[in-house]
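Reminder, nothing fancy here: chain letters follow the sequence lines and each chain counts from 1. Note that these values count all heavy atoms, side chains included, but never hydrogens, waters or copies made by symmetry. From a predicted model like this one, the values you see are computed outputs, not experimental measurements.
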Amino acid sequence: MSERSERTIRHRGVSETNAMADWTADEMMTVAAARQLRDGVACFVGIGLPSTAANLARATHAPNLVLIYESGCLGAKPDRLPLSIGDGILADTADAVVSVPEVFNYWLQPGRIDVGFLGAAQLDRYGNINTTVVGGDYDAPKVRLPGAGGAPEIAASCGEVVVIVRQNPRTFTERVDFVTSVGYGSGPGERERLGLRGGGPRLVITDLGVLEPDPVTCELTLTRLHPGVTPEQARAATAWDLAVAERLTTGEPPTARELAVLRALEATKHGGRGEPRRPPP
Amino acid sequence: MSERSERTIRHRGVSETNAMADWTADEMMTVAAARQLRDGVACFVGIGLPSTAANLARATHAPNLVLIYESGCLGAKPDRLPLSIGDGILADTADAVVSVPEVFNYWLQPGRIDVGFLGAAQLDRYGNINTTVVGGDYDAPKVRLPGAGGAPEIAASCGEVVVIVRQNPRTFTERVDFVTSVGYGSGPGERERLGLRGGGPRLVITDLGVLEPDPVTCELTLTRLHPGVTPEQARAATAWDLAVAERLTTGEPPTARELAVLRALEATKHGGRGEPRRPPP
Amino acid sequence: MAKLVSLADGVADLVHDGDVVALEGFTHLIPFAAGHEIIRQRRQELTLVRMTPDVVYDQLIGAGCARRLVFSWGGNPGVGSLHRFRDAVQHAWPRPLELEEHSHAGMANRYVAGASGLPFAVLRGYTGTDLPRHTTNIRPITCPFTGETLTAVPALRPDVTVVHAQRADRAGNVQIWGITGVQKEAVLAAHRSLVTVEEIVDELEPVPGQVVLPGWAVSAVAEVPGGAHPSYAQGYSVRDNDFYRAWDAVSRHRDTFRAWLDQHVYRAGAVA
Amino acid sequence: MAKLVSLADGVADLVHDGDVVALEGFTHLIPFAAGHEIIRQRRQELTLVRMTPDVVYDQLIGAGCARRLVFSWGGNPGVGSLHRFRDAVQHAWPRPLELEEHSHAGMANRYVAGASGLPFAVLRGYTGTDLPRHTTNIRPITCPFTGETLTAVPALRPDVTVVHAQRADRAGNVQIWGITGVQKEAVLAAHRSLVTVEEIVDELEPVPGQVVLPGWAVSAVAEVPGGAHPSYAQGYSVRDNDFYRAWDAVSRHRDTFRAWLDQHVYRAGAVA
């Protein structure tokens with residue numbers, strides 16, 4: 001998946017007097033995700049949108065957010081967007097850098113991480129995630145995706161999971177072709193039966209709105225729309241018969257500060273050739 | 001057990017013209033142990049006589065001996081005798097300092113250490129070692145000893161084991177009261193049956209001579225005497241009917257250099273109160 | 001974030017009668033001052049856990065704080081026996097002491113399992129020894145791939161772990177260097193943790209060989225300069241070998257031990 | 001003691017046709033130059049092992065060196081898909097590629113078991129996912145103390161592991177700092193190991209956060225400045241993000257890939 005949104009649809013903001021009130025759907029999605037991170041929690045961050053959202057949160061309302069990267073960086077405090085989960089800026093600014101076995105065994109597995117951020121290539125109504133293969137069968141897939149990475153255990157062991165994913169009927173599918181990471185499995189009680197100790201998906205944040213599991217059925221339910229989005233758009237972007245909350249709310253648009261900080265962060269995400277060799281520190 | 005020998009018997013050396021030719025039985029034992037360490041091997045060292053012998057070897061014929069201490073110091077190169085397995089000089093001079101779990105799991109357990117040095121409170125004819133309880137039963141022992149420490153796994157996993165122990169009938173016993181560390185168990189094939197991957201005791205070095213396992217029966221056999229010791233003395237110091245090799249040899253006495261280096265090392269083993277607090281480095 | 005507390009408050013809050021308590025520190029950085037505070041607050045019925053119950057546990061055992069000891073090597077390193085430990089085992093003085101006995105490799109792996117949120121650890125260990133006869137906490141386990149038999153030990157999950165470290169910052173991030181032993185695992189395995197430090201600083205200057213425990217993984221930090229004495233804190237102090245030697249005589253008899261305890265612990269302040 | 005060798009000699013000596021080969025380095029310190037040398041020496045039928053088979057394995061797979069891939073995440077980090085990997089899986093080009101697929105936690109623990117001389121590792125992982133349906137190398141295991149079911153994975157024991165590091169001394173002691181990933185475990189799990197380094201120095205000045213691999217635990221060390229490019233070596237270089245982005249176009253079609261391989265690997269010297 002590309003780090004940069006390929007969508008260019010722009011929403012007209014609420015305030016004509018605010019020069020920054022133009023935002024993209026991806027910006028709205030990132031801001032909505034950042035807002036979900038309470039200050040001081042520990043957050044297991046993947047690269048791309050989750051990392052952008054987490055760093056936006058840290059630069060705005062959550063200065064003490066603890067960012068954990070699977071490369072072993074605990075409490076990283078990058079002043080620019082890292083370009084990979086192993087960016088040098090993460091090690092340079094971390095409270096501690098530990099080995100990859102340690103980050104999984106001592107930090108993720110025992111449930112020390114409050115929030116896990118995940119993406120998805122396919123997602124079903126119970127928040128089960130596929131990032132492995134789409135179409136055909138496993139041995140001869142139509143599309144071979146990167147695979148599991150840290151996701152199965154993040155989904156199993158974090159206190160809760162937040163999924164960030166663009167909403168469309170190919171992604172929001174009736175049945176995932178491969179269960180890479182378990183959400184609520186086949187429904188209520190399944191996580192407990194499997195012995196998964198984390199709480200599972202608490203939120204799915206898309207470019208259209210926010211879905212939350214129904215407290216009884218565990219089925220993902222549309223609970224919030226981003227400004228300018230209709231329930232019909234969200235239902236049309238979902239292959240299953242999307243449940244909509246009785247009290248469907250509309251989220252606040254990005255504030256000028258959120259957008260300014262987000263765009264300043266994005267501007268740090270330039271490429272660049274490797275610099276010539278420097279002497280060691 | 002005291003680090004310092006309480007024996008004061010002195011042997012008259014071979015050369016009347018050598019002013020250093022007076023040595024103690026413990027010195028002979030330490031020198032004999034040091035000589036067994038080939039240069040470049042990795043050696044798991046306990047404190048006391050093993051540490052003295054290993055450091056003597058490193059200061060004489062084996063400058064590239066790799067000293068491994070269970071405190072996690074790999075390749076320590078102390079210029080004085082460490083006073084405990086966690087002496088700061090070990091960390092300061094080590095190639096790498098690792099955690100205690102790592103030293104056991106990544107370094108000892110896979111068989112990376114060539115030689116393990118062990119002491120014993122009791123030892124039987126198959127080189128099984130007791131450092132746990134003597135007399136009475138386990139729950140109400142006559143003497144409670146320190147216990148296992150690293151010894152059971154050193155005895156199991158090192159390429160070979162060298163035992164350094166003073167010889168007397170209480171220690172060299174028909175049957176150990178508790179098997180803390182396995183030598184050859186009940187005899188040939190037992191290590192293989194137990195799945196122990198190290199070679200077991202290759203040498204037992206005492207203040208009287210050297211015992212080696214018989215290649216067929218695995219029974220410890222007296223193969224060498226220190227200068228001035230008789231086979232009868234060794235048999236009298238052994239509670240079982242000690243086998244004596246057909247070709248019993250007599251070891252070389254400590255050289256002047258060995259004694260000088262050993263005594264210089266011992267002289268560094270002074271005590272001392274903690275110094276007042278210093279600023280951190 | 002770890003709370004910054006006094007040693008007395010830290011022990012009062014975190015160490016309770018009947019708790020499973022681990023004081024760790026492998027020769028280096030042994031939390032003696034915290035041990036004395038536990039004695040001073042007259043904690044009872046503790047299960048004491050420690051790989052090397054050396055002088056600090058000799059003191060706690062002799063003071064009657066312990067009901068049970070889980071350990072792998074109980075001696076006065078470089079000196080000899082622990083007389084209070086022996087007296088408790090051999091003569092039930094001042095009270096009986098139950099033992100659960102392991103090897104270092106087993107204990108280290110039990111902490112690793114605890115830190116990892118696993119119920120057990122697997123090792124090549126104990127095989128052929130008499131140790132498994134005396135506890136149900138050493139059991140065989142079969143490799144599901146090769147069929148080979150190995151040894152399993154259950155995770156250690158102390159109610160509270162206490163360690164000493166060189167430094168912490170004001171957010172409670174703890175920095176340890178030199179021989180770091182099993183401290184990280186012991187802290188992460190525990191439900192609660194108390195770290196005494198030589199000093200609290202504004203900024204933790206990185207040091208080669210350091211282990212950093214993030215403040216959000218520690219319950220409380222107390223500044224206790226010299227809190228490892230007679231053990232040492234690399235960069236701050238050296239080991240007081242005279243004390244270890246002198247302990248042999250002090251601890252050999254009940255009355256000299258009690259006099260020492262009275263003078264150096266009960267009547268002393270929070271800092272040893 | 002590790003031998004000091006040229007990269008070409010190191011690969012010739014240590015990497016053989018049909019071997020199980022692990023190139024590790026978690027985003028940082030990826031041994032690209034060694035990968036290119038393996039391609040240049042036209043190794044065949046390799047089982048390639050790596051947590052994150054990114055661009056370096058896209059190159060090895062596209063060059064036809066691999067029969068099998070054991071991995072947990074195969075993508076171009078921050079860019080997108082690996083087109084050579086996809087072409088091999090989806091169209092068996094240039095030859096079929098068997099997959100054995102895990103999670104990061106599983107792969108990391110497989111290396112830990114290998115480094116520890118154990119036949120398997122235990123973790124909380126894979127449960128409820130479809131991963132266990134496609135390999136026999138993920139199996140349930142029961143805790144002998146609690147009865148709880150966990151997951152076992154077999155040890156990884158590569159024939160040879162190749163990593164890149166910042167420095168080594170003349171005895172072959174290797175120093176790595178920054179993100180150290182799973183390199184120590186991958187080296188210790190392997191029967192043989194080759195470490196490429198930015199430079200060989202007389203003395204390894206200690207650096208905070210360092211991991212040191214003793215020379216006696218490494219088979220050979222080769223000085224290959226820039227050997228991690230387009231990945232980076234903290235303290236020596238920064239990541240060449242343009243290269244990773246450009247790789248998407250280079251690798252998308254077989255002919256552009258072959259042209260790149262011809263120009264930048266086959267016709268290049270030992271140093272990438």
Side-chain angles (χ1 to χ4, degrees), chain B residues 1-3 47-48 70-73 83-88 90-92 97 99-101 104-105 108-109 132 136 138-153 156-157 178-182 185 190-191 194-197 270-281, chain C residues 26-28 51-52 71-75 77-82 85-86 89-90 101-105 108-109 111-112 123-131 133-134 148-149 166-167 178-182 184-185 198 207 209 225-226 229-230 232 234-243 245:
Chain B
M1 282 165 291
S2 166
E3 279 185 26
I47 212 64
E70 67 191 12
S71 54
C73 299
L83 288 146
S84 74
I85 51 87
D87 194 309
L90 301 176
D92 284 341
V97 181
S99 73
V100 166
F104 285 103
N105 289 349
L108 177 61
Q109 183 167 267
T132 303
Y138 176 78
D139 293 312
K142 220 162 118 192
V143 183
R144 173 67 229 193
L145 299 165
E153 287 77 23
S157 293
F178 189 101
V179 179
T180 312
S181 305
V182 178
E190 177 94 356
R191 289 186 69 86
L194 292 170
L196 306 179
R197 306 204 297 178
H270 59 81
R273 290 196 59 77
E275 286 171 21
R277 295 177 64 216
R278 288 181 290 144
Chain C
F26 206 79
T27 310
H28 182 213
M51 291 181 65
T52 55
F71 77 111
S72 41
W73 191 86
V79 178
S81 292
L82 294 177
F85 163 62
R86 276 189 152 178
V89 175
Q90 297 174 204
E101 191 163 2
H102 289 268
S103 66
H104 278 354
N109 277 292
Y111 281 123
V112 168
L123 73 158
R124 297 184 184 279
Y126 301 95
T127 312
T129 76
D130 284 338
L131 290 161
R133 296 173 186 268
H134 299 283
E148 196 179 351
T149 302
Q166 280 98 339
R167 296 195 288 221
I179 289 167
T180 56
V182 73
K184 177 189 273 190
E185 288 75 14
E198 290 292 319
V207 173
H229 179 270
Y232 72 107
Q234 186 126 344
Y236 287 84
S237 62
V238 298
R239 193 167 184 262
D240 185 352
N241 294 299
D242 286 349
F243 184 98
R245 295 223 175 90

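Contacts between B:D87 and chain C at a heavy-atom distance below 4.5 Å involve the backbone alone (N, CA, C, O). In this structure, no portion of B:L108 lies under 4.5 Å from any heavy atom of chain C. Only the side chain of B:L196 comes within contact range of chain C, with at least one heavy atom under 4.5 Å from a heavy atom of that chain. Heavy atoms of B:T180 lying under 4.5 Å from chain C belong exclusively to its backbone. Within the 4.5 angstrom heavy-atom criterion, no atom of B:E190 approaches chain C. Proximity to chain C involves both the backbone and the side chain of B:Q109, based on heavy atoms less than 4.5 angstrom apart. Looking at C:F85, the atoms closer than 4.5 Å to chain B (heavy atoms on both sides) all sit in the side chain, from C-beta outward.
Counting heavy-atom pairs closer than 4.5 Å to chain C, the top residue among B:P101, B:G147, B:G185, B:A91 is B:P101. Listed options C:L131, C:V112, C:L82 were ranked by heavy-atom pairs under 4.5 angstrom with chain B; first place goes to C:L131. In terms of heavy-atom pairs under 4.5 angstrom with chain C, the leader among B:R191, B:K142, B:R197 is B:R197. Counting heavy-atom pairs closer than 4.5 Å to chain C, the top residue among B:P152, B:S71, B:G72 is B:S71. Most heavy-atom pairs under 4.5 Å with chain B, from the set C:R86, C:H102, C:R133, C:E148: that is C:R86.
Not a single salt bridge (Lys or Arg N to Asp or Glu O under 4.0 Å) links C:E185 to another residue, sequence neighbours left out. The ring-ring contact (aromatic ring centres under 6.0 Å, His included) search around B:F178 returns B:Y138, C:H134, not counting sequence neighbours.
Using a 4.5 Å heavy-atom threshold, the side chains of C:Q234 and C:I179 count as separate. You'll find the side chain of B:E70 stays beyond 4.5 Å of the side chain of C:W73, heavy atoms only. For the pair C:T27/C:T52, no side-chain contact is recorded, criterion being any heavy-atom separation below 4.5 Å from C-beta on. Side-chain contact between C:Q166 and C:V207 is absent, with no heavy atoms from C-beta onward closer than 4.5 Å. Considering only heavy atoms from C-beta on, C:E101 comes within 4.5 Å of C:F71 through its side chain.
Judged by distance alone, the side chain of C:S72 and the main-chain N or O of C:M51 form a donor-acceptor pair under 3.5 Å.
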